[in-house]
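Worksheet: the structure to be examined is printed underneath.
Worth saying up front: this structure is predicted, and the values here are computed from it rather than measured. Note that these values count all heavy atoms, side chains included, but never hydrogens, waters or copies made by symmetry. Lettering follows sequence order; numbering is per chain, from 1.
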Amino acid sequence: MPLRIYDTRSRVKNFFTPLVKGKVSIYVCGITPYSPSHLGHARQAISFDIITRWLRKLDFEVTYITNFTDIDDKIIKVALTENVDFQKISERNIENYFHVMDKLNVLRADKYSRVTETIPEIIDMISILMDKKHAYIADDGVYFEIDTAPDKYGQLTGQTLEMVRSGAGGRVGQTGGGKRDHRDFALWKNAKNGEPYWPSPWGNGRPGWHIECSAMSLKHLGETFDIHGGGRDLMFPHHEAEIFQSECCLGREYVVKNWLHNGMINVDGEKMSKSLGNFTTISDTFDSIEPLALRYALLNAPYRQPIEFNQTMLEESQIHYNRLLNTYLKAINITTPGDWSENIFLNSVTERFYDGMNDDFNTRVAFVEVQSVVKKLQESVSNNSKITHISALLGWLNEFAGNVLGLLPDEDKLNSLAIGLDKKRKNLSSTVEKLLEQRQKAREEKDWKSADRIRDELNSINVVVEDSPEGPKWKIEE
RNA sequence: GCACGGAUGGCAGAGCAGCUAUGCAAGGGAUUGCAGAUCCCUGGACCCGGGUGCAAAUCCCGGUCCGUGCUCCA
């Protein structure tokens, strides 16, 4: 089954054909770095990481652009309370973003575009919109006039001008004092006293939120591109506004071919968000779960579904991840990853894996196959199966669990993990062997009390003893 | 209020017309002094009411409940 992708605008899964054969261009709305990244950012980054990894696996030449909104009201606000330059705030949080995303095995995008590096392009775009009479100047900035393109309304969210005109129970009219209509949105905001600014034909100020993404995608990907992504919560008004701006500015329909939106992370059934105060930062989450186990947790549901975040799901994911890694390490101790293409079992596994991933990147289906290979590997190792068989299973995991799903630590880390363990094992070896000898003696005399005491002692230096028919085995657990 | 989604076993979560999803948990068993790890087996579900079909968790209609969006938000 060839690749099918769900498009938010048409609300159906379509067979995917890129604009240019063999190439895929992707733009994903990134974060506003005014505070450390939270789990929602992880979900977004991991979702599109998987999407680009899979497209590359299918041999597409992918250009993946994302951005940082490194100037905005909230950044300014934080900077004011800390009495530092706004750049200090954004830089600090961008650093945090890269730090945690690296740990989560999120591959770097081809470009992290920044608003502060795109000001001229943004001004150009607003100028064109002014020339085409889609925008007007008000006391506090420049606004896009929604009534100049009513037919473009509601392409993503199915709403009409009338629906939104009535507003959301009186919650409108609080922002953008100079608007003629509350549905209009800011393209350029005039700077108030003490705020950072850039000069423009309409005075000193900064870009509005929506225009930046139109300008950045145009700058890096051109007038039309394959995929535009982001969180579900950006559909309205952010992405609707982008459709207005880009299409009106460029005078063309369908600047974006496919709109993809990842689902939210929920806590107690409600969306995790900063305004509700129910968010957890990624760094904090690392206290209770390993980064790659968290990655596992966030890929355990297809990218469009909401994910309920709680302690149980963290624990379960940690268990799954441990099984994968431990089995992998156990096997790699015996042999190296090898060719799997001749293996019948792995061929059918691979087919189901492809079908799952090709069905709108269904990682949950892919996980089932990973689990079955892990199980098979476990079985093969304990049955002393043929080395070529173990090697094939390892090779498959290396490619699909590792390269495609990003669930395995990179080779260097695996090696250092193995070497580190090896070193520790050597250092501890004589002590452990001596104690185990004593314990065996105690066991033969049925002196369970002493035997268990020695086992506890070993546990206290992170050595886990497992009795087996061939005698006791031990391993180091961190 | 309006728009868009969703409702599957104790929990997580696929499937979206016919074939055991899967994992965790539970129960039983193998192994075991105990523990751990591993393996085998078992039970258990498709929100409610209609309809269409030989056949519906899966399609249609009508409810109910939940989430998201309508303000900044991944």
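With hydrogens and angles ignored, a donor-acceptor pair under 3.5 angstrom links the side chain of A:D452 to the base of B:G33. One donor-acceptor pair, N or O on each side, does fall under 3.5 Å between the base of B:C34 and the side chain of A:R455. With hydrogens and angles ignored, no donor-acceptor pair closer than 3.5 Å exists between the side chain of A:D72 and the base of B:C72.
Here the nucleotide nearest the side chain of A:P302, chosen from B:G36, B:C70, B:A14, is B:A14. Closest to the side chain of A:H41, from the set B:A74, B:G69, B:A14, is B:A74. Closest to the side chain of A:Q44, from the set B:A74, B:G23, B:C34, is B:A74. Comparing atom distances between the A:N300 side chain and each of B:G33, B:A12, B:C70 picks out B:A12 as nearest. Looking at the side chain of A:I31, the nearest of the listed nucleotides B:C34, B:A74, B:C39 is B:A74. When the nucleotides B:U68, B:G33, B:A74 are ranked by their closest atom to the side chain of A:T32, B:A74 comes out on top.
Counting non-hydrogen atoms under 4.0 angstrom, A:R453 reaches nothing in the nucleic acid. Within the nucleic acid shown, A:L39 has no heavy atom closer than 4.0 Å to any nucleic acid atom. Using a 4.0 Å heavy-atom cutoff across all strands shown, A:M264 reaches at least one base atom of the nucleic acid. At a threshold of 4.0 angstrom between heavy atoms, the contacts of A:R11 are confined to the sugar-phosphate backbone, with no base atom among them. Residue contacts shown for A:K74 include a base, since a base heavy atom lies under 4.0 Å away. Within 4.0 Å (heavy atoms only), A:H38 reaches at least one base atom of the nucleic acid. Residue A:E379 is classed as having no contact, given no heavy-atom separation below 4.0 Å to the nucleic acid. Within the nucleic acid shown, A:G30 comes within 4.0 Å of sugar-phosphate atoms alone, with no base atom in reach, counting heavy atoms only. Among the atoms of the strands shown, base atoms are found under 4.0 Å from some heavy atom of A:V465. When heavy atoms are screened at a 4.0 angstrom cut-off, A:Q371 is found touching the sugar-phosphate backbone but no base atom. Within the nucleic acid shown, A:K77 has no heavy atom closer than 4.0 Å to any nucleic acid atom. Among the heavy atoms of the strands lying under 4.0 Å from A:G40 is at least one base atom, whether or not backbone atoms are also near. Contacts of A:Q378 with the nucleic acid, taken as non-hydrogen atoms under 4.0 Å apart, involve only primed sugar atoms and P, OP1 or OP2.
Using atom P as the reference point in both B:U68 and B:G13, the two lie 15 Å apart (nearest Å). Separating the P atom of B:G9 from that of B:G1 is a span of 28 Å, rounded to the nearest Å. Nucleotides B:A12 and B:U31 are separated by 30 Å at their C1' atoms, to the nearest Å. Remark: the separation of the C1' atoms in B:C48 and B:G6 is 16 Å, to the nearest Å. Spacing between B:G44 and B:A21 at atom C1', rounded to whole Å, works out to 15 Å. Spacing of C1' atoms, B:G49 relative to B:U64, comes out at 10 Å, to the nearest Å. Comparing the same atom, C1', in B:G53 and in B:C60 gives a spacing of 11 Å after rounding to whole Å. Comparing B:G18 with B:C46, their C1' atoms are spaced 16 Å from each other, to the whole Å.
A:M1 is not listed as a side-chain neighbour of A:D359, based on a closest heavy-atom distance of 4.5 Å or more. Contact check for A:F16 versus A:R4: no side-chain heavy atoms found under the 4.5 Å cut-off.
Comparing A:V368 and A:D268 by the nucleotide of RNA chain B whose heavy atom lies nearest to each, the residue mapping closer to the 5' end is A:V368. Heavy-atom nearest nucleotides on RNA chain B were determined for A:S273 and for A:K475, and the one closer to the 5' end corresponds to A:K475.
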Please step through side-chain hydrogen bond (donor to acceptor under 3.5 Å, both in side chains) for the pair A:T350 and A:N347, ending with a clear verdict.
CA-CA 5 Å; A:T350 306; A:N347 278 335; 5.1 Å; no
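Checking side-chain atoms of A:R232 against main-chain N and O of A:G263 turns up no donor-acceptor pair under 3.5 Å.
For B:G53, the base adopts the syn conformation, since its glycosidic angle falls within 90 degrees of zero.
At a non-hydrogen distance threshold of 4.0 Å, A:D359, A:N362, A:R364, A:V365 from residues 358-365 of chain A come into contact with RNA chain B.
Ionic pairing of A:D467 and A:R439 is present here: one or more N-O contacts between side-chain nitrogen and carboxylate oxygen are shorter than 4.0 angstrom. The pair A:R114-A:E91 meets the salt-bridge criterion, since a charged nitrogen lies less than 4.0 angstrom from a carboxylate oxygen. Note on A:R295 versus A:D49: salt bridge recorded, some NZ/NE/NH1/NH2 to OD/OE distance being below 4.0 Å.
Heavy-atom contacts from other residues, nucleotides or ligands closer than 6.0 Å to NZ of A:K57 number more than 12. Atom CD of A:E379 has more than 12 heavy atoms from other residues, nucleotides or ligands within 6.0 Å.
Aromatic ring pairs are classed by plane angle as parallel below 30°, tilted from 30° to 60° and perpendicular above 60°; the pair A:F144 and A:F244 is tilted. A:H41 and A:H38 have tilted rings, their planes meeting at an angle from 30° to 60° on a 0 to 90° scale. In this structure, A:H261 and A:H239 have tilted ring planes: the angle between them lies in the 30° to 60° band. A tilted orientation is assigned to the rings of A:W54 and A:F353, their planes being inclined by 30° to 60°.
Ring-to-base geometry places A:W448 in a stacked arrangement with B:G33 (centre distance under 5.5 Å, plane angle under 30°).
Taken together, the paired segments of RNA chain B that extend over three or more consecutive Watson-Crick or G-U pairs, each closer than 3.5 Å at both contacts, are B:1-7 with B:64-70, B:10-12 with B:22-24, B:26-30 with B:38-42, B:47-51 with B:59-63.
Between A:R352 and the phosphate of B:A21, there is no side-chain N or O to OP1/OP2 separation shorter than 4.0 Å. Listed pair A:K271 / B:G69 meets the phosphate criterion, a side-chain N or O lying under 4.0 Å from OP1 or OP2.
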